[in-house]
Amino acid sequence: MKIFYHLPGLFEFYDLYKAFLALFREHREYFYDWCEIGSIYGAPKDCIWGGGRVGFGEEPPEKVAALLKEFGISARLTFSNSLLREEHLSDKLCNSLCRQFECVAEKIRDVQNYAAQNDTSVAVQNGIIVHSDLLLDYLKAKYPGFYFVSSTTKVLTDFEQLKAELDREDFRFVVPDFRLNKEFAKLDALTPAQKQKVEFLCNESCSFTCRARKKCYENVSRKSLGEPCEDYVCASPTAKRGYRFSDSMKNPGFIGIDDIQNVYAPAGFSHFKIEGRSLGSAVILEFLLYYMTKPEYQLKVREEIYLDSSLDLF
């Protein structure tokens, strides 16, 4: 079974992906043959529909769209603001992004059918990660060329809620809260169709016992809308350390490559999300090395990227 990774930083890490994707295509032997890149997700700065993390990417949208089209990878716009109101739907920047990223191939509605009959490289469909049903209804009506992903910002920790979300025809994928990652008995009982819609968040560093996750996301939503609000202060004892991959690996919800290969894939799960939009390029590279790169080539890939003079990894 092929594993598909959904990677962070569509706008935020354009330069890193420009170098990495070329390496991934030209030297496929450096990377595990059982994995592919399912999508790259993110949002630019000043995007009021954005959520989860405040976007800071400044790369022109047309360059970003062209890069992912060149490599045949789905681009996902992260529009997971949970506090949107009717007046926000007319935002010029967000609507412009939708027009630029909506499925190419002449606004084809049945992308899967088109891909079966034509060159699939021109039929890669772009998606939108969404929280608000108000926004979802608007997007479905105005931009039907996208597929939709139910955002982890909904904090779906109740398994029955997750099942209900998986059964919604609106969504191609659903990202549950990371605290459901190890509910193996319940996950195993899902239907094959439901399993193919689950997209696990692998490397979350948030405390497993955190009860304020929704408040944290709502704070980001308010900031994206430009509303005055104080910074959310995380109560985790490790919050001052910032994100560390080594800490994330100790999280009870962490999913590593051994888990993916030996537990999740045999059970019928194939989609895995890597977080990190608010981190630096050097940390994202470590994710790409750990999850995708064969150990004997990790140093070589690291050197190829680090020695690229066009990149500012720190």
Side-chain angles (χ1 to χ4, degrees), residues 4-14 16-18 20-21 24-25 36-45 47-53 55 57 59-81 89 91-132 135-153 168-175 196-197 199 270-275 277:
F4 296 91
Y5 288 122
H6 302 276
L7 305 175
L10 177 63
F11 295 88
E12 298 88 342
F13 304 120
Y14 172 86
L16 171 63
Y17 284 121
K18 185 177 180 181
F20 180 80
L21 293 178
F24 187 70
R25 180 169 64 184
E36 297 288 348
I37 300 173
S39 72
I40 302 176
Y41 66 92
K45 69 174 185 177
C47 179
I48 69 168
W49 293 356
R53 298 291 182 270
E59 208 62 40
E62 58 271 17
K63 287 181 63 177
V64 174
L67 178 68
L68 267 67
K69 181 181 178 183
E70 175 187 350
F71 288 96
I73 295 172
S74 177
R76 288 184 181 177
L77 299 172
T78 303
F79 288 166
S80 52
N81 195 308
L89 299 181
D91 182 78
K92 291 183 178 180
L93 171 61
C94 296
N95 279 281
S96 175
L97 286 168
C98 288
R99 289 190 294 271
Q100 288 177 295
F101 281 87
E102 191 179 14
C103 182
V104 290
E106 304 302 325
K107 302 283 180 93
I108 294 166
R109 298 295 175 249
D110 188 353
V111 176
Q112 300 298 335
N113 183 57
Y114 178 88
Q117 301 177 40
N118 300 271
D119 178 2
T120 56
S121 65
V122 300
V124 173
Q125 190 178 18
N126 293 329
I128 296 179
I129 303 171
V130 64
H131 181 126
S132 165
L135 179 61
L136 175 64
D137 290 341
Y138 174 80
L139 294 170
K140 285 168 56 182
K142 194 170 181 65
Y143 305 107
F146 288 106
Y147 68 87
F148 299 100
V149 182
S150 177
S151 174
T152 191
T153 61
R168 290 181 62 177
E169 294 183 0
D170 297 322
F171 299 118
R172 183 177 297 181
F173 301 104
V174 175
V175 186
Q196 280 304 299
K197 291 179 70 172
E199 186 177 310
S270 58
H271 291 274
F272 298 87
K273 179 175 182 175
I274 310 299
E275 76 160 25
R277 283 198 296 140

Using side-chain heavy atoms (C-beta onward) and a distance below 4.5 Å, is [X] in contact with [Y]?
X	Y	value
Phe101	Phe146	yes
Ile37	Tyr17	no
Lys63	Phe11	no
Thr153	Ile129	no
Phe4	Glu199	no

Handout entry: Test salt bridge (charged side-chain N to carboxylate O under 4.0 Å, His left out) applied to Asp91 - qualifying residues, sequence neighbours left out
Key = none
Practice task
With sequence neighbours excluded, tell me which residues meet salt bridge (charged side-chain N to carboxylate O under 4.0 Å, His left out) with Arg25.
Solution key: Glu70
Exercise for the section: Please state whether the rings of His6 and Phe173 are parallel, tilted or perpendicular, taking 30° and 60° as the class boundaries. Expected result: tilted
Give the minimum heavy-atom separation between [X] and [Y], together with the two atoms involved.
X	Y	answer
Ile274	Tyr41	O-OH, 2.5 Å
Gln125	Gly145	NE2-O, 2.9 Å
Phe171	Ser150	CD2-N, 3.5 Å

Problem - Ile73/Phe24 under side chain to side chain contact (heavy atoms under 4.5 Å, CB included): CA gap, chis, key distance, verdict - result: CA-CA 12 Å; Ile73 295 172; Phe24 187 70; 6.0 Å; no
Is a side-chain donor or acceptor of [X] paired with a backbone partner of [Y] at a separation under 3.5 angstrom?
X	Y	answer
Asn126	Ser74	no
Asn95	Leu89	yes
Lys140	Asp170	no

Handout entry: Qualifying salt bridge (charged side-chain N to carboxylate O under 4.0 Å, His left out) pairs with a residue from residues 141-150, counting only residues at least two apart or across chains
Key = none
Problem - Atom pair OG/OH of Ser132 and Tyr138 - distance to nearest 0.5 Å - result: 12.5 Å
